[in-house]
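Working notes for the structure below.
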Amino acid sequence: MELLKGPASVLYGHSVLGGVLNIVRKSPTPQTVVNMKMSYGSWNNKQANMDFGGNLAGPVNYRANFNYGDQDGWRATGNKRLSGYLALGADIDATSKIDVRGSFHRDWYGTETGLPPVMMADVYNTDGTLYLKAGQEIPGLNEKKRYNNESDFLKNNGWDISGKYEKKFSKSMKLTNYLSYKYDDINYLGTEELSYLYSMNSVYKHYIDKGTYKMYINLDSVQLTYPLRFSHIAKTLGNQLELSGDFYTGNIKHNFIGGYSFSQMFRNSYTGYNNAPENDKFNREYDIYGPGIYSIIAVNNPQSMGYMKSKFSKVIITKDYTHGIYFQDLIEFHEKFKLLLAARYDMYKYMRTGANTYDGIREYHKSEQAQYSIATNSAFTYRAGMVFLPISELSIYTSAASYFRPSRTFPAANTIYLNQNGSEIDIESGKGIFDPEKGYQFEAGTRYTYKSILQASASVFYIRKNDIVRSFGRLSVGSDTNGNPVMKSIIGQVGSEESKGFDIEMSITPTHFSSFNLGYSYTDTKTLDIQPNKYVSIDTQNITLVPHNTFYAYGSIVVPKGIFRALSYNLSVSFMDKVYTNYAKSMSFSSYWLTDMGISYPLKNGIRLSGNVNNVFDKKYSNQAVYGTQRVPGMPRNFMLSLAYSLR
């Protein structure tokens with residue numbers, strides 16, 4: 001994997017700004033390759049991998065890979081994975097070649113709803129003394145306990161195939177065409193929201209002061225209140241035709257890339273959101289029913305209270321088309337000075353309609369679907385970069401870029417939408433809810449290399465996003481006739497967001513048997529230009545869901561001689577700063593350090609033994625939350641032992 005920062009990202013799709021992550025798959029190879037690895041780790045974590053490659057027949061080379069994983073999991077999620085990959089490549093003649101690749105995966109995940117939510121307000125004992133402050137968690141929770149229903153699952157099955165043809169017209173020009181198709185099936189039933197029980201009467205041991213009255217809260221149990229049932233079946237077709245090469249204008253060399261890209265995604269999103277009411281939870285006429293729905297479980301010893309059955313009642317049918325034309329020119333004015341100019345024009349078409357399903361399964365009658373709603377957009381984006389090399393060891397660069405992302409937000413039940421002024425948006429008009437998101441970025445940096453011993457880089461950046469859309473989670477917007485809170489999702493186009501900071505990286509290789517890497521980043525992200533609203537209290541100067549400071553250090557040493565010759569050690573240390581989990585700032589993750597270490601030793605005949613210990617000091621931490629209020633604990637100390645074979 002590689003991170004393409006700044007200008008180079010223009011070639012690989014729209015809606016990118018600071019950079020894009022490029023995943024390069026294993027290529028067919030004429031050399032014989034045999035790699036196998038088996039691993040076993042904490043919580044019955046079992047993994048196996050097989051990797052083969054070589055000449056298949058005549059000019060055809062191949063690469064094949066198979067992976068299997070099965071584990072109980074630290075929080076008993078029981079995740080499983082099976083995947084395979086095959087790549088075939090051949091030179092047709094001296095000027096052209098073809099490459100065909102395909103893969104599949106069959107994944108099963110146990111889903112994760114996290115721990116009971118943090119307090120949304122100060123909680124008092126019945127004698128009036130403070131028990132928990134807003135943002136605090138119930139003390140003494142067992143972080144290994146799961147609160148999901150026994151029927152929760154997430155299945156993700158899919159496959160893809162791609163073909164690439166390359167034709168060289170000369171040493172300075174070639175044509176490439178890349179065609180791909182992907183099928184992806186996500187099937188999900190999950191308990192997502194855990195809710196406390198409330199009462200206007202003093203039947204519980206704690207209460208929340210509402211000013212004019214007290215709302216009593218039960219902290220001994222939680223209710224599974226909002227199971228979700230959906231399935232997304234997406235079929236994506238894409239093609240990229242590209243001409244690249246170089247030419248001269250006088251003494252100035254131009255390295256150009258130009259092309260046309262097309263993609264279409266047809267997606268059917270089946271939903272089963274019509275949950276049975278609490279007083280009729282066994283009614284099979286509803287989408288989700290059974291003893292598990294709305295079940296109440298103990299906070300300190302959660303046990304499933306029964307299964308949930310589910311079906312689908314609606315389908316949302318969408319078609320997404322994108323046409324993009326792009327051109328890039330890397331201009332070499334001098335060996336010490338280069339300029340990159342890139343531009344892209346994209347045209348979007350988004351179509352959406354709905355229908356009822358047939359008999360609760362993932363099928364529907366096309367004759368019953370409504371007329372499509374259609375949204376079209378077009379956008380011009382640019383990238384520009386400059387590199388200056390005063391000496392061969394030092395380079396200095398700057399870059400600027402813009403981006404555009406059309407809004408695809410449509411009305412949803414139990415959701416309130418806010419505009420930049422903090423006012424509710426009237427969604428009865430049938431128009432798009434939010435304006436497109438736009439933005440730009442600037443970056444400057446330097447890189448220094450000293451022989452093969454030292455590589456160091458530093459950069460500063462500024463990113464501005466306008467008209468961004470963010471979720472503020474599910475919040476109470478009032479009470480029903482029984483005094484129970486009414487929960488709705490709050491989504492707002494919060495105006496503008498800016499992000500600025502710098503990063504420093506250094507790689508040191510003092511000897512051929514040792515290496516060290518260091519990195520530090522500072523990021524300051526703020527949400528700007530949003531007006532207060534009656535649902536969310538917003539600090540416009542310090543809303544960020546990314547940490548201010550991050551740091552990592554990695555070192556490896558190989559024993560150069562002696563009885564333990566070729567034995568290798570590695571140690572890594574990372575730091576993550578405090579970060580909020582939602583824009584309402586009702587919960588945050590504390591900063592934490594993690595330390596990992598490993599050891600590896602090669603035996604004879606291509607066999608290698610290795611072992612890794614992660615979170616060596618058994619640090620308690622979290623970096624994931626559900627709804628921004630239900631914390632998912634990070635893994636404690638764990639290990640992985642591996643036996644690998646590689647044909648030499």
Side-chain angles (χ1 to χ4, degrees), residues 1 3 21 23 35-49 51 67-81 83 107-112 114-115 141-146 505 507 514-521 546-547 549-559 564 566-579 581 588-602 607-626 631-646:
M1 293 191 295
L3 177 63
L21 187 64
I23 300 176
N35 297 307
M36 293 182 287
K37 184 178 181 180
M38 295 184 296
S39 303
Y40 181 82
S42 300
W43 308 295
N44 205 25
N45 187 353
K46 303 180 289 291
Q47 297 183 16
N49 170 265
D51 179 25
N67 298 276
Y68 173 78
D70 184 3
Q71 59 176 304
D72 294 337
W74 129 248
R75 285 175 48 78
T77 52
N79 299 337
K80 298 178 177 62
R81 179 173 176 82
S83 64
D107 301 338
W108 192 96
Y109 303 96
T111 75
E112 179 63 85
L115 301 178
L141 292 175
N142 186 341
E143 295 194 337
K144 193 174 182 178
K145 294 293 185 179
R146 279 172 54 80
E505 294 182 317
S507 177
S514 63
S515 64
F516 305 93
N517 295 273
L518 301 170
Y520 170 76
S521 296
V546 297
N549 301 281
T550 59
F551 169 82
Y552 75 89
Y554 174 85
S556 65
I557 297 177
V558 180
V559 178
F564 294 109
L567 181 69
S568 64
Y569 302 88
N570 64 77
L571 178 71
S572 67
V573 178
S574 61
F575 171 77
M576 187 72 68
D577 208 352
K578 173 183 176 180
V579 62
T581 63
S588 63
F589 295 140
S590 300
S591 60
Y592 61 89
W593 290 85
L594 288 182
T595 302
D596 304 326
M597 62 182 300
I599 187 172
S600 179
Y601 184 69
I607 299 175
R608 177 177 288 273
L609 300 175
S610 61
N612 293 277
V613 179
N614 301 313
N615 195 2
V616 174
F617 298 107
D618 204 23
K619 174 68 176 178
K620 289 188 176 182
Y621 71 99
S622 295
N623 55 19
Q624 179 185 353
V626 180
R631 182 174 64 90
V632 180
M635 285 193 296
R637 183 189 301 117
N638 60 93
F639 74 90
M640 177 70 77
L641 301 176
S642 300
L643 172 66
Y645 169 77
S646 180

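The basis for the numbers below is simple: all heavy atoms, side chains too, and nothing from hydrogens, waters or symmetry mates.
- Atom-to-atom distance recorded for D618:CG and L594:CG is 10.5 Å, nearest 0.5 angstrom.
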Quick one: do D107 and Y109 satisfy side-chain contact (heavy atoms from CB on, under 4.5 Å)? Show the steps, please.
CA-CA 7 Å; D107 301 338; Y109 303 96; 3.4 Å; yes
Apply the test side-chain contact (heavy atoms from CB on, under 4.5 Å) to residues N638 and W74: give CA-CA distance (whole Å), side-chain angles for both, the deciding distance (0.1 Å), then the verdict.
CA-CA 9 Å; N638 60 93; W74 129 248; over 6 Å; no
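- The nearest pair of heavy atoms linking Y554 to S572 is CD1-CB, 3.8 Å.
- Atom CE of M38 has 12 or fewer neighbouring heavy atoms from other residues, nucleotides or ligands inside a 6.0 Å radius.
- One N or O on the side chain of R637 and one on the backbone of V616 form a donor-acceptor pair closer than 3.5 Å.
- Here the closest non-hydrogen pair linking G555 and F516 is CA-CD2, 3.8 Å.
- Residues L643 and Y40 form no side-chain contact, since every pair of their non-hydrogen atoms from C-beta on lies 4.5 Å or further apart.
- Put simply, the side chain of N615 gets close to the backbone of M635: a donor and an acceptor are under 3.5 Å apart.
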Go through it in stages, so that I can follow the logic: the residues are N549 and Y520, the test is side-chain hydrogen bond (donor to acceptor under 3.5 Å, both in side chains), and I'd like the CA-CA distance, side-chain angles, deciding distance and then a yes or no.
CA-CA 7 Å; N549 301 281; Y520 170 76; 2.5 Å; yes
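- One distance of note links CG of L571 with CD1 of I599; it measures 12.5 Å at 0.5 Å rounding.
- Annotation: side chain of Y621 is not in contact with side chain of W593 (no heavy-atom distance under 4.5 Å).
- Rounding to the nearest 0.5 Å places OG of S646 at 11.5 Å from NZ of K37.
- N45 places no side-chain N or O within 3.5 Å of a backbone atom of Q71 that could act as its donor or acceptor partner.
- Judged by distance alone, with hydrogens and angles left aside, the side-chain atoms of R75 form no donor-acceptor pair with the main-chain N or O of V632 at under 3.5 Å.
- We find the NZ-CZ distance between K578 and F589 to be 12.5 Å, quoted to the nearest 0.5 Å.
- Residues F575 and V573 fail the side-chain proximity criterion, which asks for heavy atoms closer than 4.5 Å.
- The shortest non-hydrogen separation linking A566 to P602 is O-CD, 3.4 Å.
- For R81 (side chain) and D70 (main-chain N/O), no donor-acceptor pair under 3.5 Å exists by modelled atom type.
- Nearest heavy atom pair, residue S622 against residue R631, reads OG-NH1, 2.7 Å.
- The closest donor-acceptor contact from the side chain of S42 to the backbone of F639 lies under 3.5 Å.
- Taking 4.0 Å as the cut-off between side-chain N and carboxylate O, E143 and K620 do not count as a salt-bridged pair.
- In this model, a donor atom of one side chain and an acceptor atom of the other lie less than 3.5 Å apart for S600 and R608.
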Give the C-alpha distance, both sets of side-chain angles, the deciding distance and a yes or no for side-chain hydrogen bond (donor to acceptor under 3.5 Å, both in side chains) between D577 and S591.
CA-CA 4 Å; D577 208 352; S591 60; 4.7 Å; no
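- Considering all non-hydrogen atoms of both residues, W108 and T77 come closest at CZ3-O, 3.5 Å.
- If you take OG on S507 and CG on L518, they are separated by 9.0 Å, rounding to the nearest 0.5 Å.
- Between the OG1 atom of T111 and the CG atom of N79 there is a distance of 9.0 Å, given to the nearest 0.5 Å.
- The heavy-atom pair separating D596 from N614 by the smallest distance is OD1-CA, 3.2 Å.
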